[in-house]
Amino acid sequence: MSWKYKILVVDDEPDLERLMLQRMRRDIRAGLYKFVFAHNGVEALDLLKEQPDIDLVLSDINMPKMDGLTLIGQIPKVQPDIRSVIISAYGDMKNIRTAMNRGAFDFVTKPIDFDDLKLTISRTLQHLVEWRDALKSRDKLAALQNELGVASKIQQSILPTRFPDRPGCRIFANMKPARNVGGDFFDVIHLADGRIGIAIADVSDKGVPAALFMMSCRTLIKGAAIGKTDPGEVLHEVNQLLQEDNDAAMFVTVFYGVYDPDSQRFHYANGGHNSPLVVHADGSSAELPLTGGIALGLIPDLDYENKTVTLSPGDLIVLYTDGVTEAFDEQENQFGTQRLQEVFAGTKPTDVQAANRSVFEAVEKFAGDTPQSDDITCVTLLHGSDGG
Amino acid sequence: MEISTEREGSLLVARAGGRLDSINAREFDDALKSAISESDQVLIMDLEKVSYVSSAGLRVILLTAKTLQQRSAKLLICSLAEPIREVFEISGFDKIIPIHADLAAARASIG
């Protein structure tokens, strides 16, 4: 026979057991309650230790060996997660007060009114269920926070921290993670003949699975970038490998470009990522032409078109993720590409790190007190500004 | 995020509102899963009232398309606000999921 709740009744009056079983017979038969009995506090504590599935203790006050008030005080030491209800003489406020102070949830008075008792029991159990649910969500939340901490460490660990910084070729990159969301990453890859591969990416979703997806994506890009010279082929290969066994439909938007300081060319392909800006020496800027590629990880056999731009000395390429353009202000306006262009309007970019910082500052100023809901990433590349 | 659905034979129209971001992506997914029945052949997602779709939101939409596709049913999207249409365009997902200007156009395309 199974039951939903187990109730321990503690009373030294022998009649109560028979009366309780008789008056509660419907709820017992329906499988709602199971009653167990003890005749004093000592017996009750022994039973609580033996039967950890007891949900509620219903206890008299005056009993031999250990009275009800002492028992109430001892219960949390044996079973912290159960509730107790005290049975007291009518009007005995002093003892009721003491019982409540020691942790009793409620009380009923003698002679027992069984309708009132049923109501009190059900109310107490309802409270207990809610309490247990709250504990469960708290544990879940703690587990989730723990997982997100792991994910965030994975994300941080794959980001490069040293960048090319030589006359004619300076690169800087930064990522400001949103609380609890980790999806952005970037990479700067040294290729043959002084060329440099630059990747910026945004993985859908968060948590450990997304971080592992990010990790494999970054490794695949690096491997493909070193083996192939054509950015479109790099994205094709990474997509092909990512989409295998990707039942969770995770995806990643990736922009990958190869910068050749000698030929002044920037050769790129785009898998569903925001198009980078090119800021000219006079502060004017334009988005790089789109190539129409689809985000990686979902569909097999995709081809990614390449495009090439020839850079002029002093050109600054600004690669970013949607955490920049989709930052919200307090009126729910989005930052947008126009505001990003305004950051550079009328200025001559000369310092790749300062240019990078100015993007973050503009977004922070715009967002004000609105919490950051997505990672913000920006990579800046300054071509041939100092006589290179 | 709010979601309401309406069924006409084997067509299910789901209207969503608010933001579809990483905070409520799972809630959105659960709501869609419980709304869709095996007999639905076409799902039209009317996103007119949606103000923002993050990549987590896009993933739920793609997962839904994938699940429907596995039993030869299909997903259509309609009534996208300009910034959200851009999100679909930039990610290239407008090439995977048919997008229509409004509900009438989406309905008309079913034939």
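Below, chain A is the first sequence line, B the second, and so on; all start at residue 1. This structure is a prediction, so every number in the text was calculated from the model and none was measured.
More than 12 heavy atoms of other residues, nucleotides or ligands sit less than 6.0 Å from atom CG of A:Asp133. Atom CZ of A:Arg132 sits in a crowded spot, with more than 12 heavy atoms from other residues, nucleotides or ligands closer than 6.0 Å. Atom NZ of B:Lys66 has more than 12 neighbouring heavy atoms from other residues, nucleotides or ligands inside a 6.0 Å radius. No more than 12 heavy atoms of other residues, nucleotides or ligands shown are found within 6.0 angstrom of CD on A:Gln338. The number of heavy atoms from other shown groups lying within 6.0 Å of CD (B:Gln69) does not exceed 12.
Considering every non-hydrogen atom in both A:Met250 and B:Arg59, the closest pair reads CA-CD, 3.7 Å. For B:Ser55 against A:Asp202, the heavy-atom pair with the smallest separation is OG-OD1, 4.4 Å.
Summarising the geometry, atom CG belonging to B:Asp21 is positioned 6.5 Å from atom OG belonging to A:Ser373; distances are rounded to the nearest 0.5 Å. Residue B:Ile90 holds its CD1 atom at 12.5 Å from CZ of A:Phe255, rounded to the nearest 0.5 Å. Atom CD in B:Glu89 sits 8.5 Å away from atom CG in A:Leu290 (nearest 0.5 Å). Atom CG of A:Asp374 sits about 5.0 Å away from atom OH of B:Tyr52, to the nearest 0.5 Å. Atoms CG and CD, on A:Asp322 and B:Glu86 in that order, are 12.0 Å from each other to the nearest 0.5 Å. Distance CG/B:Leu62 to CG/A:Leu298: 5.5 Å, rounded to 0.5 Å.
A donor-acceptor contact shorter than 3.5 Å links the side chain of B:Lys95 to the backbone of A:Gly292.
B:Val87 touches chain A through its side chain: at least one heavy atom from C-beta onward sits under 4.5 Å away, while N, CA, C and O do not. At a 4.5 Å heavy-atom cutoff, the contact between B:Ile96 and chain A is made by side-chain atoms alone.
Of the listed residues (A:Gln334, A:Glu326, A:Glu332), the greatest number of heavy-atom pairs within a distance under 4.5 Å of chain B belongs to A:Glu326.
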